[in-house]
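Note sheet for the following structure.
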Amino acid sequence: MPELPEVEVVRQSLNKKIKKKKVKRVIIRNRNLRFKIPLNFSNLLENKKITKVDRFSKYLILCLCNKSYCLIHLGMSGTIHIVYKNKKNLLTNSSFYNSPKLPNKHNHVEIIFKNLKIVYNDPRRFGFFQIIQNSYLLKKRFAHLGPEPFNSKFNLRYISTYFKGKKKNIKSFLLDQNFVSGIGNIYASEILFLSRLNPKKKISSLEYQDCKKIIINSKKILLDAIKKGGSSIRDFKNLSGRNGSFQKDFKVYNREGLNCKRSKCLGIIKKKIISNRSTFFCNICQI
DNA sequence: AAGAGGCCCTGATAGC
DNA sequence: TGCTATCAGGGCCTCT
């Protein structure tokens, strides 16, 4: 489900709902996620105020009033649902009518506040929760991750330094979170289409202009996706149960066999497995 | 060190 | 209807 834009959309709505609210109670329904939720997890959250909801890359960060942090990663299939406690609220809140029915299977964690609770659901269990004790450890936790595309550190000098001595194709670098963090399989294909670059192209053959395009278009695609509420393929919805709409803007992802959307291009979208993931590109305008 | 590949897990869908 | 195979938006680990 979630690449940086989807996680950012969740962060924004979550921040509105739980910022400055105190965690009353935490219920663990199922500890089994990528990392097993530790027995003292509830204790570390209960009675703490959420100062704000932050994000880095694809990680949600609940900032707690005692300067510790609760990391949430949604993995491939993690979703967060919001449930209002008060039935009157339910009936008057318009978002209620758009809300998906709360799934009853694969709910792992419920974080309960005074008027509402958030429920974490994750069928594939690739997501996780993790408490980080302080900002130093938080920094350390993210130390292996490259800059987000929005960061000014993601520049030409950085890219050429990083590419030195490496030989893979450009698609696998966009997916490499050590190189640049936040881009996933969907947006990697879209960024390369916009840059007119073949995903199989080796980084050694990239020109100065190509790298420039990658920098600009990474920001562009992700920002555009955030603005449109993310991409809703499968079950991604924001907390109000609304779909994002960026999937309508996909130029190549999931469009195998269809015509290229670039004006006057007569190409057909092809699908190839690159770095173990489906990759989509136009066979004519992406050289 | 870099790169390829496998693995964690469940569910939806396609094909027989 | 029911079986099996394949695929899915992430990230970590091991082996060469």
Side-chain angles (χ1 to χ4, degrees), chain A residues 1-10 29-37 55-60 71-80 100 103-108 120-130 141-146 148 161-193 199-204 218 221-222 225-226 228-238 243-257 271-280:
Chain A
M1 178 201 95
E3 302 183 31
L4 187 154
E6 290 73 34
V7 179
E8 173 59 19
V9 170
V10 171
R29 302 270 179 211
N30 182 347
R31 296 190 180 279
N32 297 318
L33 287 172
R34 167 176 284 280
F35 310 126
K36 200 157 187 145
I37 297 175
R55 179 192 59 72
F56 179 72
S57 183
K58 304 171 190 172
Y59 299 76
L60 284 168
L71 283 195
I72 307 175
H73 196 293
L74 303 175
M76 291 274 255
S77 58
T79 50
I80 292 177
N104 50 20
K105 223 180 159 184
H106 304 301
N107 288 340
H108 286 78
Y120 179 80
N121 181 277
D122 190 355
R124 291 179 73 181
R125 304 183 190 171
F126 289 157
F128 63 79
F129 282 68
Q130 208 172 18
R141 178 68 178 76
F142 291 142
H144 65 291
L145 295 173
E148 291 187 348
T161 309
Y162 195 92
F163 283 175
K164 251 179 211 135
K166 301 190 179 80
K167 294 187 163 71
K168 283 188 300 181
N169 57 66
I170 182 58
K171 159 82 187 307
S172 48
F173 276 98
L174 290 183
L175 286 185
D176 178 357
Q177 305 297 300
N178 303 337
F179 170 56
V180 59
S181 58
I183 298 171
N185 200 42
I186 291 181
Y187 297 119
S189 281
E190 296 299 319
I191 290 164
L192 289 170
F193 173 81
K200 275 222 150 149
K201 189 158 186 167
K202 299 286 181 204
I203 48 160
S204 53
S218 302
I221 290 280
L222 297 190
I226 292 169
K228 292 182 174 149
S231 302
S232 295
I233 75 174
R234 298 175 185 282
D235 57 0
F236 175 74
K237 291 181 193 313
N238 67 24
N243 289 317
S245 66
F246 193 78
Q247 69 281 2
K248 292 174 196 154
D249 289 21
F250 288 167
K251 300 286 195 292
V252 286
Y253 187 83
N254 241 343
R255 297 194 66 249
E256 186 185 16
K271 173 177 167 178
K272 263 191 187 150
I273 304 296
I274 301 176
S275 48
N276 265 324
R277 296 247 139 96
S278 295
T279 308
F280 301 85

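Just so it is clear: chains get the letters A, B, ... in the order the sequence lines come, proteins before strands, and each one is counted from 1. Note that the structure is predicted; figures quoted are calculated from it, not measured.
- Taking only side-chain nitrogens and oxygens, A/S278 comes nearer than 4.0 Å to OP1 or OP2 of C/dA8.
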Query raised in the report: What pattern of brackets, bars and dots sums up DNA chain C from 5' to 3', given Watson-Crick or G-U wobble pairs under 3.5 Å, [ ] for crossing pairs and | for another strand?
Result: .|||||||.|||||||

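- Going from atom NE2 of A/H108 over to atom P of B/dC9 covers 11 Å, rounded to whole Å.
- The number of heavy-atom neighbours closer than 6.0 Å to NZ of A/K201, taken from other residues, nucleotides and ligands shown, is above 12.
- The aromatic rings of A/F128 and A/H73 lie parallel to each other, their planes meeting at an angle below 30°, with 60° marking the opposite boundary.
- Per the geometry, CZ belonging to A/F280 stands 7 Å off P belonging to C/dA8, to the nearest Å.
- Taking atom NZ of residue A/K168 and atom C1' of nucleotide B/dA1, one finds them 12 Å apart after rounding to whole Å.
- Counting atom types as modelled, A/R125 pairs no side-chain N or O with a base atom of B/dC9 as donor and acceptor under 3.5 Å.
- Of the side-chain N and O atoms in A/K58, one or more sit less than 4.0 angstrom from OP1 or OP2 of C/dG11.
- Ring stacking holds between A/F126 and B/dC8, with the centres under 5.5 Å apart and the planes within 30 degrees of each other.
- Taking atom CZ on A/F246 and atom C1' on C/dG9, their separation rounds to 13 Å, with Å as the unit.
- Between A/Y253 and C/dG9, a side-chain N or O to OP1/OP2 separation shorter than 4.0 Å is present.
- Where A/R34 and A/H106 meet DNA chain B, the nucleotide closest to each residue was compared, and A/R34 sits on the side nearer the 5' end.
- Listed nucleotides: B/dG3, B/dG11, C/dG9. Nearest to the side chain of A/E3: C/dG9.
- As a whole-Å value, the separation of A/F128 CZ from C/dG11 P is 8 Å.
- Contact annotation: A/H144 side-chain N/O to C/dG11 OP1/OP2 distance is not under 4.0 Å.
- Across C/dC12 and B/dG11, the matching C1' atoms stand 23 Å from one another, rounded to whole Å.
- Remark: P of C/dG11 and CG of A/L174 are 14 Å apart, rounded to the nearest angstrom.
- Aromatic ring orientation, A/H108 versus A/H106: parallel (interplanar angle below 30°, classes split at 30° and 60°).
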